[in-house]
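Below: one structure, written as structure tokens.
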There are 2 protein chains.
Amino acid sequence: MDESKRSFLKRAAGLLAASGLVAGGAKRADAVEPPDVAPSMKAPGAGMSEYGSPAKYEVKVTRTGIRSQPGTTGSGASRAPLESLDGMLTPSGLHFERHHSGVPDIDPATHRLLIHGLVKRPLIFSVNALLRYPMVSRIHFLECSGNSQVLYQPAPPNLTAGQTHGLVSCSEWTGVPLRLLLEEAGVDRGAPWILAEGADAAAMSRSIPMAKAMDDAILALFQNGERLRPENGYPVRLFLPGWEGNMSVKWLRRLKVVSAPIMTKDETSRYTDLQSDGKSLMFTYPMEVKSVITRPSHGMTLAGAGLHQISGIAWSGNGTITKVEVSTDSGRTWVDAPLVAPVLPRALTRFRLPWKWDGAATVLKSRATDDTGAVQPERAKFIAEHGNNAVFHFHGIQAWSVATSGEVKHVYA
Amino acid sequence: MDESKRSFLKRAAGLLAASGLVAGGAKRADAVEPPDVAPSMKAPGAGMSEYGSPAKYEVKVTRTGIRSQPGTTGSGASRAPLESLDGMLTPSGLHFERHHSGVPDIDPATHRLLIHGLVKRPLIFSVNALLRYPMVSRIHFLECSGNSQVLYQPAPPNLTAGQTHGLVSCSEWTGVPLRLLLEEAGVDRGAPWILAEGADAAAMSRSIPMAKAMDDAILALFQNGERLRPENGYPVRLFLPGWEGNMSVKWLRRLKVVSAPIMTKDETSRYTDLQSDGKSLMFTYPMEVKSVITRPSHGMTLAGAGLHQISGIAWSGNGTITKVEVSTDSGRTWVDAPLVAPVLPRALTRFRLPWKWDGAATVLKSRATDDTGAVQPERAKFIAEHGNNAVFHFHGIQAWSVATSGEVKHVYA
């Protein structure tokens with residue numbers, strides 16, 4: 001057992017002792033006999049299955065806040081139910097969605113990816129051809145730049161953690177380093193941009209800087225061990241670690257090496273950030289350092305004073321989370337919450353802190369720091385700097401109030 | 001970009017160059033125009049969904065080798081289709097199954113876990129009570145001790161990698177350290193054993209050494225971010241990192257601290273290893289160092305000479321994988337295959353090696369080493385030492401033959 005584990009257990013055990021026995025709400029069972037045979041033991045259970053599903057008792061744990069543009073069914077988003085999840089990974093079935101014209105039905109046998117433009121040898125790849133190339137695997141978060149956009153609003157929304165922050169998810173992505181294919185095509189290394197185009201009805205398109213393409217960009221074919229899910233770009237998507245989600249173009253059909261950004265509809269009509277001075281920021285790629293407490297969070301009710309666990313996630317598109325501080329007294333004092341290993345660059349990082357609630361009303365907050373030294377700002381400071389005209393890149397501190405009744409609500413504090 | 005990545009890309013690029021251009025099977029596309037609008041771009045796609053599923057084109061990627069005891073539907077196993085997966089994680093829907101009397105239907109609202117026996121304060125926990133305790137998350141493999149048992153047979157089986165090795169999977173497990181609850185119950189630290197009992201119709205039961213329970217055992221509540229799947233012990237299972245899967249008792253209802261192993265039916269009628277000298281090994285807990293090449297593997301046909309990617313998994317219940325050697329010339333020479341980060345203790349570790357196939361018949365093998373210095377043995381050596389009466393703990397080297405036709409088959413070599 002390593003020292004960090006020993007220290008965690010010691011702290012946890014100390015808290016349990018300080019909380020009195022049976023702190024977690026377990027019942028004393030002195031002189032208890034083994035319970036009667038449970039109903040589930042009286043007859044054989046269900047058989048094996050070809051592909052499993054969650055328990056029927058978890059049927060309410062679904063993507064949440066599903067919203068589409070008026071008149072459409074697939075131009076919108078769905079959110080991961082963060083308040084029901086724990087750990088660093090997001091099950092693929094609950095990974096958030098953001099589509100510009102729905103989820104296309106693409107037969108991998110006929111799908112092709114073209115690399116052309118400022119290259120010596122334009123190339124067309126089938127999916128089977130891509131599967132023969134050397135691959136890498138990386139655990140990374142993906143966040144829609146519009147995540148938490150309701151927090152630009154003047155009044156705190158009456159929404160859960162998933163509804164406000166659930167446009168972020170974390171998966172293991174496996175695929176071919178884009179650099180290999182660009183080099184095979186004889187890319188003009190002086191060309192500064194690449195147009196990436198999806199095979200959806202929106203032909204979702206973004207201009208990608210060459211430096212990112214040659215650094216850590218991958219053409220992802222697998223997600224969490226199996227082939228990509230349709231809503232995540234099956235059969236192949238671009239994946240740009242740490243950058244706003246829309247740039248990781250799904251259902252990728254074309255990469256054109258070009259000498260200037262293409263200024264597609266997707267980077268002019270949206271994905272620019274209108275500031276309070278009336279100017280707009282463009283090409284704001286990395287998602288900033290951010291965190292949110294997922295439990296307890298809005299919509300939950302604490303069962304009573306005593307031991308509770310604070311659990312949350314932190315992430316940064318610019319690097320690795322180095323610290324998450326938690327305040328259980330409305331921001332007066334902060335303590336470092338242990339981070340759950342492995343702490344990986346550009347991945348969700350779980351933090352947890354045992355908390356003895358004394359039953360008084362309070363506010364819970366978390367504040368993340370990354371290895372560039374960037375610190376997640378208070379919401380008021382963030383809004384003061386950026387205004388609230390924008391809808392993208394909100395990453396201010398999230399506050400949850402706890403009432404004496406145990407009710408947890410979204411507050412600006 | 002760190003050095004290991006640079007080195008990987010350099011090696012991969014070198015191999016591509018050595019293989020000639022367009023080595024992965026891509027087509028030259030000189031003077032090509034962007035392809036016509038794909039069919040998927042002509043109409044909006046499907047809408048968002050509450051819980052996603054794999055693409056319909058992947059419908060054949062299912063658990064495999066589903067077998068049950070005669071006259072039962074749920075006393076048997078299903079296997080993860082390793083040959084179709086990549087990365088280190090197994091999607092929960094494809095995680096292998098091994099049940100002794102099917103998957104019980106357990107309502108988490110009424111399920112209880114009893115801790116009793118040699119403790120000061122017997123305790124009963126509801127699932128909601130468990131959820132209030134401090135938790136840990138860890139990425140670990142789980143392997144059935146009967147994995148690869150067909151390889152004890154004298155003739156090589158005509159089976160895929162999943163069918164022979166698919167009783168292993170890897171997930172992120174989140175739950176409460178068992179030590180915390182045992183200490184809360186006032187466990188007698190001198191008591192050497194704990195009986196763990198499941199709430200299935202088999203009342204699956206094993207005796208667990210106290211040292212393991214107090215070290216890294218957890219009561220798992222979450223798997224890959226969401227609550228446990230039914231076939232993996234919903235709502236709560238024991239999880240013993242690195243040890244044979246059946247000891248991580250699913251649907252856990254009872255832990256009784258005892259002074260001697262209970263010798264339950266599950267550790268007398270099975271889960272002992274009959275050796276060639278007629279003696280049996282009992283309580284053989286850790287799963288030994290092992291690896292298998294998942295692509296290419298039995299049942300696949302290489303599309304032709306040129307660049308291919310060798311991809312496989314390695315694991316050890318005794319620690320961390322430190323090396324995987326691959327031979328592409330029937331075991332004459334071996335090269336170290338790069339391991340995919342993060343390389344975690346008692347987790348599946350992906351290895352990959354670009355391979356230029358010259359079109360001649362050959363045999364592929366992989367050989368894993370862990371940080372205790374243990375090396376995966378050749379099958380012949382393993383059988384010579386252990387005989388082939390046993391059905392558990394096979395971990396010999398796996399060989400795949402490649403014919404000039406490209407056909408890949410299971411061989412003993």
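Chain naming here is simple, since letters A, B, ... match the order of the sequence lines and numbering starts at 1 in each.
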>> Need one label for Tyr57(B): side chain, backbone, both or neither, based on atoms under 4.5 Å from any heavy atom in chain A.
In response: both
> By a 4.5 Å heavy-atom criterion (distance strictly below it), what part of Pro342(B) contacts chain A: side chain, backbone, both, or neither?
Replying inline: side chain
> Can you find a heavy atom in the side chain of Arg63(A) that is under 4.5 Å from one in the side chain of Met48(B)?
Replying inline: no
>> Let's test your reading of the structure: which of Val103(A), Leu94(A), Leu131(A) forms the most heavy-atom pairs below 4.5 Å with chain B?
In response: Val103(A)
> Heavy atoms, side chains only, cut-off 4.5 Å: are Leu85(A) and Arg227(B) in contact?
Replying inline: no
> Can any side-chain N or O of Gln309(B) pair as donor or acceptor with the backbone N or O of Arg132(A) at less than 3.5 Å?
Replying inline: no
> Relative to chain A, which of Ala46(B), Gly74(B), Gly47(B), Pro104(B) shows the most heavy atom pairs under 4.5 Å?
Replying inline: Ala46(B)
>> Between Ser78(B) and chain A, with a heavy-atom cut-off of 4.5 Å, which part of the residue counts as in contact: side chain, backbone, both or neither?
In response: both
> Thr174(A) versus chain B, heavy atoms under 4.5 Å apart: side chain, backbone, both or neither?
Replying inline: side chain
> What option among Ser311(A), Gly93(A), Gly102(A) has the most heavy-atom pairs under 4.5 Å with chain B?
Replying inline: Gly93(A)
> Which bit of Thr73(B) is near chain A, if near means a heavy-atom gap under 4.5 Å: side chain, backbone, both or neither?
Replying inline: both
>> Let's test your reading of the structure: which of Ile139(B), Leu302(B), Thr62(B) forms the most heavy-atom pairs below 4.5 Å with chain A?
In response: Thr62(B)
>> Quick check: closest heavy atoms across Ser137(A) and Gly87(B), and the distance to 0.1 Å?
In response: OG-CA, 3.6 Å
> Considering only heavy atoms, which portion of Ile106(B) lies under 4.5 Å from any heavy atom of chain A: side chain, backbone, both, or neither?
Replying inline: both
> Is chain A contacted by the side chain of Val61(B), its backbone, both, or neither, given a heavy-atom distance below 4.5 Å?
Replying inline: backbone
>> Need one label for Phe222(B): side chain, backbone, both or neither, based on atoms under 4.5 Å from any heavy atom in chain A.
In response: side chain
> If only atom types and distance count, is the side chain of Glu172(B) paired as donor or acceptor with the main-chain N or O of Leu89(A) below 3.5 Å?
Replying inline: yes
> Among Leu344(B), Ile66(B), Asp107(B), Val340(B), which has the most heavy-atom pairs under 4.5 Å with chain A?
Replying inline: Asp107(B)
>> Using heavy-atom distances under 4.5 Å, tell me whether Ser49(B) contacts chain A through its side chain, its backbone, both, or neither.
In response: both
> Is it the backbone or the side chain of His308(B) that comes under 4.5 Å from a heavy atom of chain A, or both, or neither?
Replying inline: both
> With sequence neighbours left out, which residue pairs that include part of residues 84-93 of chain A fulfil the salt bridge (Lys or Arg N to Asp or Glu O under 4.0 Å) condition?
Replying inline: Asp86(A)-Arg295(A), Asp86(A)-Arg350(A), Asp86(A)-Arg352(A)
>> Please classify the contact between Asp200(A) and chain B as side chain, backbone, both or neither, with a heavy-atom cut-off of under 4.5 Å.
In response: backbone
>> Taking every non-hydrogen pair under 4.5 Å, which of Leu228(B), Asp105(B), Val119(B) racks up the most with chain A?
In response: Asp105(B)
> Is chain A contacted by the side chain of Ala77(B), its backbone, both, or neither, given a heavy-atom distance below 4.5 Å?
Replying inline: backbone
>> Donor-acceptor check, side chain of Glu50(B) to backbone of Thr64(A), threshold 3.5 angstrom: yes or no?
In response: no
> Any side-chain heavy-atom pair from Pro134(B) and Leu307(A) closer than 4.5 angstrom?
Replying inline: yes
>> Taking Ala199(A)'s backbone N and O only, do any of them form a donor-acceptor pair with Ser40(B)'s side chain (distance below 3.5 Å, no angle check)?
In response: yes
>> As an exercise: rank Lys56(B), Lys42(B), His95(B), Arg98(B) by heavy-atom pairs under 4.5 Å with chain A and give me the winner.
In response: Lys56(B)
> In terms of heavy-atom proximity below 4.5 Å to chain A, should Asn232(B) be classed as side chain, backbone, both, or neither?
Replying inline: neither
>> Quick check: closest heavy atoms across Ala43(B) and Ala201(A), and the distance to 0.1 Å?
In response: O-CB, 3.3 Å
> Which residue out of Ala202(A), Pro39(A), Ala341(A), Gly76(A) racks up the most heavy-atom pairs below 4.5 Å with chain B?
Replying inline: Gly76(A)
> Is any side-chain heavy atom of Pro91(B) less than 4.5 Å from a side-chain heavy atom of Tyr51(A)?
Replying inline: yes
> Relative to chain B, which segment of Ala203(A) carries a heavy atom at a distance below 4.5 Å: side chain, backbone, both, or neither?
Replying inline: both
> Is chain B contacted by the side chain of Glu226(A), its backbone, both, or neither, given a heavy-atom distance below 4.5 Å?
Replying inline: both
> Which atoms of Ala55(B) come close to chain A, meaning under 4.5 Å heavy atom to heavy atom: side chain ones, backbone ones, both, or neither?
Replying inline: both
>> Can you tell me which portion of Ala80(A) sits under 4.5 Å from chain B's heavy atoms? Options are side chain, backbone, both or neither.
In response: neither
>> Shorter than 4.5 Å, heavy atoms on both sides: which option in Gln223(B), His111(B), Glu97(B), Glu197(B) has the most such pairs with chain A?
In response: Glu97(B)
> Rounded to the nearest 0.5 Å, how far does OG1 of Thr90(A) lie from CG of Asn224(B)?
Replying inline: 10.0 Å
> With sequence neighbours excluded, what pairs up with Ser53(A) under the side-chain contact (heavy atoms from CB on, under 4.5 Å) test?
Replying inline: none
